[in-house]
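Presented below is the structure to which this report refers.
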Amino acid sequence: MKNIAALQKVVTAALPDGEPSAAELDAIEAEMPLILAEVELLDAQIITLDRIPNELDARRIRRARRKVLAARRALANLNAAPDSSDGAA
């Protein structure tokens, strides 16, 4: 019987730390309003999967879409804002 073993070195190295960094947590925190708005839109769309949407459902979906667009705009404006620490005056 032959032993089967890997003939090559391990391709992926072990991760030193599985926890997100502070910068990653800050990025998630900044995107949280968009994430919550997208979840609300998805919930509104899921409600209408098994029935024909009525006027209330249509309003709920429109309101959720507007909320997603507003959150995307706010996030884009936040990312596009000039950094005050670059020394330009």
Side-chain angles (χ1 to χ4, degrees):
M1 179 183 288
K2 288 186 176 182
N3 289 336
I4 299 173
L7 300 176
Q8 299 174 348
K9 292 182 180 179
V10 177
V11 177
T12 56
L15 295 175
D17 187 16
E19 297 294 322
S21 67
E24 291 170 334
L25 289 174
D26 290 342
I28 292 170
E29 185 68 28
E31 292 178 7
M32 191 54 67
L34 176 59
I35 293 168
L36 294 175
E38 288 175 340
V39 168
E40 186 176 331
L41 175 60
L42 186 60
D43 286 342
Q45 291 171 335
I46 288 172
I47 288 172
T48 62
L49 285 178
D50 61 345
R51 65 176 189 223
I52 298 172
N54 57 26
E55 183 59 32
L56 181 62
D57 295 331
R59 276 191 265 159
R60 184 179 292 127
I61 290 172
R62 282 195 306 268
R63 185 174 51 245
R65 283 184 180 151
R66 285 194 304 265
K67 210 172 188 180
V68 167
L69 291 174
R72 284 182 182 165
R73 182 183 63 236
L75 186 61
N77 288 340
L78 180 68
N79 291 337
D83 189 15
S84 62
S85 64
D86 63 357

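Residues take their numbers from the sequence shown, with the count starting at 1. The analysis underlying the following values was restricted to heavy atoms, covering all of them including side chains, and did not include hydrogens, waters or symmetry mates.
The line from CG of Leu75 to CD1 of Ile35 is 9.5 Å long, rounded to the nearest 0.5 Å. Interatomic distance, CZ of Arg63 versus CG of Leu41, reported as 11.5 Å (0.5 Å rounding). The structure places CD1 of Ile61 at 10.5 Å from CG of Leu42, a figure rounded to the nearest 0.5 Å.
Scanning all heavy atoms of the two residues, the minimum distance from Val68 to Leu34 falls at O-CD1, 3.8 Å. Listed here is the closest heavy atom pair of Ala37 and Ala71: CB-CB, 4.4 Å.
For the pair Arg60 and Asp43, the salt-bridge criterion is not met [side-chain N within less than 4.0 Å of a carboxylate O].
Residue pairs satisfying the side chain to side chain donor-acceptor pair (under 3.5 Å) criterion with at least one member in residues 26-42, sequence neighbours excluded, are listed as follows: Glu38-Arg72, Glu40-Lys67.
Other residues, nucleotides and ligands contribute only 12 or fewer heavy atoms inside 6.0 Å of the CZ atom of Arg73.
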